[in-house]
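Below is one structure, written out as structure tokens; the observations come after it.
Whatever order the structure lists ligands and atoms in, that order sets their numbers, starting from 1.
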Amino acid sequence: MRLLVVGSGGREHALCWAIAASPLCEALFCAPGNAGISEVATCVPVDVMDLDAVVAIARAEAIDFVVVGPEAPLVAGLVDRLAAAGIKAFGPTQAAAALEGSKAFMKDFCARHGIPTAAYARFTDPEAARAYIRAEGAPIVVKTDGLAAGKGVTVARTVEEALAAVEEAMVGGAFGNAGREIVVEAFLEGEEASFFALVDGRNVLPFGAAQDHKAVGDGDTGPNTGGMGAYSPAPVVDAAVERRILDEIVRPTVAGMAAEGRPFQGVLFVGVMVTAAGPKLIEFNVRFGDPECQVLMMRLMSDIVPALLAAADGVLDGFDLRWYPEPALSVVMATRGYPGSYPKGTPIRGVEQAAAMTDVEVFHAATRREGDRLLSDGGRVLAVTATGATVAEAQARAYAAVDAIDWPGGFCRRDIGWRAVARERAG
Ligand code: AMP
Ligand code: GLY
């Protein structure tokens, strides 16, 4: 088969790495990819939001199957456009991608189908939002309706902070149209986890759990990011919690989307808070997590291509996957300044040495090559990923590889996996 992966991050590098290893893969393209991805795929420069251009590439390269990485082209309808051109793709239609693309749709959908999530209210009028927040008190959470690159959520500790978030989104227009409508919801207390399931419109195949680290600083301090590191499996998602996530969130969602005429096909990424009263949905994403995808791909023993195809073809029923039992852990190296402003083009050395270490893969998230120099090309730049017999061992291997990389312009958290390592120590 000739495959095309759409996207350019660490997630897409991990997907390309896994797909390239499949005996079914005869040729692999990535649009647009990055310097690391170009080692396993032919990179084609294109803006993923230029849907015409992506469809044209798929046609020109006689692609049999497209795997879409990021949410923005899914929400914009890339899979619908590919289907109209007769090209098979992994990922939801625009109508199904609304689970991630619109918080208001997602919250109303959960209410219609009895899916456990935080109590909420929707607002298009800032004064009504302010009154609601004053009445509810803090802590409280303010979310823009639309996609805002992970920056549209404020977990407010005080009423003043929540009011400032309303001001920023609805009056200041900080998120453009995405912030014209907001959702204000109750604060959920507990431990967060990312749960994944492949979905073919009707059937569900659990695809593992991971724990991300969203805050930029050690000890979960500082502003939120796209994710500074992850590990899988996530001990907080034990067998009982997994069963509840599947029975109370994933299956009702898949059935509800089908019943509403928006069948979901692709990977459903369930952001959950494991509270004292059980798992509650924080958010749906309609694609793999980044960097969660990197650890999942390291743990997957089975060929990924038949699984993605089975989802796209509606034949996941009875499908099975095998996983390595060893945990995997990924440390994101980001450009100094991220998630604020940062320079591009700072030189990175030592990636080959790091990648050659035992049970280590260095996935590139934003790099480019200039001659024989490797340069940073974004905020999150590398995802240094390792496996080990324990999370502590995977962590030690990942940080040994991080330390082999010479990048004065970069930084990383030094405590990725701390919850799981503490659990291992406690026995
Ligand atoms: P979201 O983009 O909806 O995942 O929100 C970003 C982050 O904000 C989540 O990963 C959580 O850490 C936090 N968050 C979102 N909603 C809530 C909530 N209702 N209660 C507590 N934390 C939340
Ligand atoms: N790491 C979280 C996400 O991909 O949304």
Side-chain angles (χ1 to χ4, degrees), residues 7 9-12 14-15 69-72 74-75 99-107 110 116-121 133 136 138-157 161-162 165 169 175 178-179 182-196 209-216 220-232 234 236 267-277 279-297 330-332 334 339 363 365 379-380 383 385 413 416 419:
R11 164 181 55 209
E12 287 76 23
L15 287 169
E71 64 276 17
L74 292 167
V75 171
L99 281 179
E100 175 166 5
S102 168
K103 297 272 188 211
F105 170 80
M106 180 283 246
K107 298 296 289 192
C110 289
T117 183
Y120 74 106
I133 288 166
E136 291 290 312
I140 194 158
V141 182
V142 178
K143 302 184 173 186
T144 60
D145 173 58
L147 292 181
K151 292 182 186 130
V153 175
T154 303
V155 180
R157 301 281 151 182
E161 233 183 291
F175 309 104
I182 63 167
V183 167
V184 181
E185 67 176 39
F187 175 78
L188 296 171
E189 185 93 56
E191 192 173 331
E192 220 176 314
S194 306
F195 183 84
F196 298 87
Q211 201 159 41
D212 189 10
H213 300 62
K214 296 219 173 179
V216 73
D220 295 328
T221 55
N224 262 2
T225 69
M228 294 301 292
Y231 61 90
S232 173
V236 67
V267 57
L268 188 64
F269 164 176
V270 188
V272 290
M273 192 71 85
V274 183
T275 73
K280 303 256 191 266
L281 175 69
I282 298 173
E283 63 165 348
F284 282 126
N285 296 305
V286 299
R287 34 101 193 154
F288 283 109
D290 186 342
E292 289 96 326
C293 187
Q294 289 86 315
V295 287
L296 292 174
M297 291 306 127
S330 187
V331 177
V332 169
F363 296 115
R380 294 190 296 167
T385 311
R413 278 182 61 160
I416 299 304
R419 281 192 180 83

Ligand 2 versus Arg11: contacting region, heavy-atom distance under 4.0 Å: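 It is neither part, as no heavy atom is under 4.0 Å.
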Under-4.0 Å heavy-atom contact with ligand 2, by part of Arg287 that carries it: side chain
Polar atom proximity, Asp290 to ligand 2 (N or O, under 3.5 Å):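 Indeed, backbone or side chain, Asp290 has an N or O that close.
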Backbone or side-chain N or O of Glu292 under 3.5 Å from ligand 2 N or O: yes
Ala186, any N or O under 3.5 Å of ligand 1 N or O: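 Min N/O separation from ligand 1 is below 3.5 Å for Ala186.
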Val155-ligand 1 polar pair, N/O distance under 3.5 Å: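 No - when backbone and side-chain N and O of Val155 are compared with those of ligand 1, no distance drops under 3.5 Å.
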Val142 side chain reached by Glu161 side chain, heavy atoms, under 4.5 Å: no
Donor on one side chain, acceptor on other, Glu292 and Ser194, under 3.5 Å: yes
Show me which atoms of ligand 1 lie under 4.0 Å from any heavy atom of [X].
X: Lys214; result: 10 (O)
X: Phe187; result: 20 (N), 21 (C)
X: Lys103; result: 1 (P), 2 (O), 3 (O)
X: Lys143; result: 3 (O), 15 (C), 16 (N)
X: Met273; result: 21 (C), 22 (N)
X: Val141; result: 16 (N), 17 (C), 18 (C), 19 (N), 20 (N)

Has [X] got a side-chain atom pairing as donor or acceptor with [Y]'s backbone, closer than 3.5 angstrom?
X: Arg157; Y: Ala138; value: no
X: Thr154; Y: Ala156; value: no
X: Arg413; Y: Ala215; value: yes
X: Glu136; Y: Ile133; value: no

Heavy-atom gap Glu189 to ligand 1 smaller than 4.0 Å: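 Flag not set, Glu189 not near ligand 1.
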Considering only NZ, NE, NH1 and NH2 on the basic side and carboxylate oxygens on the acidic side, decide whether [X] and [Y] come within less than 4.0 Å.
X: Arg287; Y: Glu100; value: yes
X: Lys103; Y: Glu283; value: yes
X: Asp145; Y: Lys107; value: no

Evaluating non-hydrogen atoms only, which member of [options] is closest to [atom]?
atom: atom 5 (O) of ligand 1; options: Asn224, Val153, Asp220; value: Val153
atom: atom 17 (C) of ligand 1; options: Met106, Glu100, Glu185; value: Glu185
atom: atom 21 (C) of ligand 1; options: Val142, Leu188, Ile282, Thr144; value: Leu188

[X]: numbered ligand 2 atoms lying under 4.0 Å from its heavy atoms:
X: Gly226; answer: 1 (N), 2 (C)
X: Gly289; answer: 4 (O)
X: Phe269; answer: 3 (C), 4 (O), 5 (O)

Exercise: identify the closest heavy-atom pair between Ala209 and Phe195: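 Here Ala209 and Phe195 meet closest at CB-CD1, 4.1 Å.
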Residues which pass salt bridge (Lys or Arg N to Asp or Glu O under 4.0 Å) with Lys280, listed by chain and number, not counting sequence neighbours: none
From Ser330 atom OG to Asp212 atom CG, the distance as rounded to the nearest 0.5 Å: 10.0 Å
Shortest protein contact, atom 2 (C) of ligand 2 (heavy atom only): Asp212 OD2, 3.3 Å
